[in-house]
Amino acid sequence: MIEAICQFFDDLLSNPVWFYSITTLLKLVVCFAVVIIFIPICVFIERRVAGLIQDRPGPNRAGIPLTIIRSLGSKKEIPFVKVLDFFGFPHDGRLARIFKYFRCDKDIPIFGLVQPAVDGAKLFLKQDFTPPFVRKFYFWLAPALVLAPPLVTAAVLPLAGEVETKYGNISMCVANLDIGLLWIFALASLSVYGLTLAGWASNSKYPFLGGVRASAQMISYEISMGLSIIPLLMIYGHLNLQNIVQYQADNGWMLLPLWGDGLSEQRWILLIPIAISFIIFLTSIFAEANRTPFDMAECETDLVGGYHTEYSSMKFALFFMGEYAAMVVGSALVITLFLGGWSMGFGLDAWCADNLGQWWAVLFQFIAFLLKLLFFCYFFVWVRWTLPRFRYDQVMKLGWLVFFELAVVNIFITAAILYFVQ
């Protein structure tokens with residue numbers, strides 16, 4: 001029976017069409033699962049970090065109340081004292097110490113997961129109300145346009161290296177396009193339509209102003225973000241993200257050229273324009289994702305709530321899911337371009353492939369990618385609860401009068417280094 005099943009799958013995968021279809025479907029599930037799962041992880045990190053930075057321990061200590069045990073004792077005494085007395089156990093005995101070790105004398109903490117879970121349940125069960133004065137078709141379309149582009153752009157992000165099998169090579173990204181970067185920039189810019197439509201379709205002045213702000217801000221920082229990666233493309237020589245990561249695995253990450261050919265004089269001098277590109281690109285990702293200090297489109301002090309003021313229930317939640325999805329994809333793009341993507345660095349990728357096998361190497365590379373992604377998601381949250389919000393005129397000046405000119409000058413600096421330093 002088992003041999004028949006193995007033979008069936010062997011024949012199935014030997015067909016190039018079925019092999020491509022099955023592997024693409026599996027990669028599609030894994031890719032979207034990474035983005036979707038990281039959304040609640042980012043919410044959890046946001047809760048914990050916000051509570052820590054603001055000295056607000058509620059999100060970090062909220063737990064499941066032991067209502068049944070608490071009813072047996074007063075608030076001032078240990079809740080399980082009467083339970084111990086009922087069964088005749090001493091208060092300082094081994095069983096009492098075990099109860100205290102497992103926090104049975106208090107609420108079950110479960111690491112502050114109660115509040116995010118309750119938030120999700122509340123948004124899912126809350127009444128979905130559509131105001132009568134809105135343009136309903138566009139009002140319903142806007143949240144989908146915010147969430148869909150980040151999910152689609154993730155299809156070209158390489159999660160690990162390639163694997164050679166007897167049926168063919170498997171690239172660990174859904175679509176290994178030679179124009180991967182252009183694909184990301186083309187589709188990521190579509191999310192501005194969701195914010196603009198949400199503000200316009202609400203037929204309310206504050207959401208409309210939020211939509212206008214979002215469109216102006218995204219256009220401003222997309223220009224700087226696009227110009228900031230041109231120095232990298234001059235070094236890499238192509239737009240394929242899998243090849244870009246492989247180049248860094250062989251020659252050193254862009255920000256850490258410490259192995260391979262990365263120790264050359266040219267690469268060390270190139271760290272100057274690469275660092276400038278990194279700062280511009282990372283800051284532009286903040287602006288593109290509408291993260292503080294660039295959340296001008298939903299500035300509560302100016303616009304009540306901005307473009308999503310008239311939304312409720314799951315449509316309201318879709319906007320925040322889109323924001324976190326954009327943050328996750330933006331973080332993945334940063335580590336792909338500047339920090340080696342799935343590469344573990346220091347020649348560990350080749351060593352794992354040679355000594356442990358390709359599948360183990362791919363697994364470790366996938367874990368390395370997730371750890372880097374987790375760090376940058378934490379960084380995004382840390383910045384939000386550390387820096388104050390900019391004024392709108394400051395946001396526009398930074399985009400047009402600082403980053404735009406600096407990105408253009410950085411291109412000429414990189415070209416000069418590549419030409420004169422051989």
Side-chain angles (χ1 to χ4, degrees), residues 31-44 46 116-155 184 186-219 221-222 285-292 294-300 302-331 377 380 384:
C31 178
F32 285 169
V34 168
V35 179
I36 295 298
I37 291 174
F38 259 82
I39 291 176
I41 290 176
C42 290
V43 175
F44 175 67
E46 188 104 51
V118 171
D119 283 344
K122 178 193 70 174
L123 290 171
F124 184 77
L125 299 174
K126 195 174 182 180
Q127 180 184 3
D128 188 9
F129 177 74
T130 300
F133 51 81
V134 302
R135 296 176 174 89
K136 291 187 179 181
F137 175 76
Y138 300 103
F139 188 82
W140 282 71
L141 179 64
L145 288 179
V146 173
L147 181 60
L151 296 179
V152 179
T153 55
I184 289 178
L187 291 181
S189 60
L190 295 178
S191 60
V192 68
Y193 289 101
L195 304 185
T196 306
L197 279 179
W200 174 78
S202 295
N203 271 341
S204 180
K205 62 178 181 180
Y206 288 125
F208 179 73
L209 289 175
V212 172
R213 282 186 176 186
S215 59
Q217 178 174 305
M218 287 190 174
I219 292 172
Y221 283 88
E222 275 180 359
I285 291 293
F286 274 90
E288 289 289 297
N290 282 304
R291 296 285 299 179
T292 307
F294 296 94
D295 59 338
M296 292 293 101
E298 50 185 283
C299 181
E300 297 91 349
D302 296 346
L303 304 177
V304 182
Y307 57 89
H308 53 65
T309 301
E310 305 293 344
Y311 284 86
S312 62
S313 189
M314 284 305 296
K315 292 199 295 295
F316 178 82
L318 284 176
F319 283 110
F320 285 94
M321 291 177 65
E323 177 182 318
Y324 283 112
M327 183 178 76
V328 172
V329 174
S331 300
C377 290
F380 271 76
R384 173 178 180 177

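Reckoned from all heavy atoms, side chains included, excluding hydrogens, waters and symmetry mates.
Residue pairs satisfying the side-chain hydrogen bond (donor to acceptor under 3.5 Å, both in side chains) criterion with at least one member in residues 312-321, sequence neighbours excluded, are listed as follows: D128-K315. Under the salt bridge (charged side-chain N to carboxylate O under 4.0 Å, His left out) criterion, no residue pair touches residues 134-145, with sequence neighbours excluded. Applying the ring-ring contact (aromatic ring centres under 6.0 Å, His included) test to residues at least two apart or on different chains, the pairs with a partner in residues 132-154 are Y138-W200, F139-Y311.
Closest non-hydrogen pair, P150 versus G322, comes out as CG-O, 4.0 Å. The minimum heavy-atom distance linking T196 with G211 is given by the pair OG1-O, 3.8 Å. In plain terms, the two heavy atoms of P149 and A144 that are nearest each other are CD-O, 4.3 Å. When all heavy atoms of P207 and T309 are compared, the pair lying nearest together is CG-CB, 3.8 Å. Among all heavy-atom pairs drawn from S202 and E310, the shortest one is CB-CG, 3.7 Å. For the pair A154 and V329, the tightest heavy-atom approach, listed with the atom from each and the gap, is CB-CG2, 4.2 Å.
Checked against side-chain contact (heavy atoms from CB on, under 4.5 Å), A214 has the following partners two or more places apart in sequence or in another chain: L195, A297. Annotation: side-chain contact (heavy atoms from CB on, under 4.5 Å) contacts of L147 (sequence neighbours excluded): L151, L318, M321, A325. For R384, the side-chain hydrogen bond (donor to acceptor under 3.5 Å, both in side chains) partners are E46, not counting sequence neighbours. Residues passing the side-chain contact (heavy atoms from CB on, under 4.5 Å) test with A317, sequence neighbours excluded: L123, M314. In terms of the side-chain contact (heavy atoms from CB on, under 4.5 Å) criterion, residue partners of S189 (sequence neighbours excluded) are, by chain and number, E222. When the ring-ring contact (aromatic ring centres under 6.0 Å, His included) test is applied to F286, the partners found at least two apart in sequence or on another chain are F380.
Environment of OH in Y206: sparse, with no more than 12 heavy atoms of neighbouring residues, nucleotides or ligands closer than 6.0 Å.
The aromatic ring centres of Y324 and F320 sit 6.0 Å or more apart.
For the atom pair CG (N290) and OH (Y307), the distance works out to 5.5 Å, reported to the nearest 0.5 Å. To the nearest 0.5 angstrom, S191 atom OG is 4.0 Å from M218 atom CE.
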Pairs under 3.5 angstrom only: tabulate donor-acceptor contacts from the side chains of residues 37-44 to other protein residues two or more places apart or in another chain.
none

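Between the side chain of Q217 and the backbone N or O of F294, at least one donor-acceptor pair lies under 3.5 Å.
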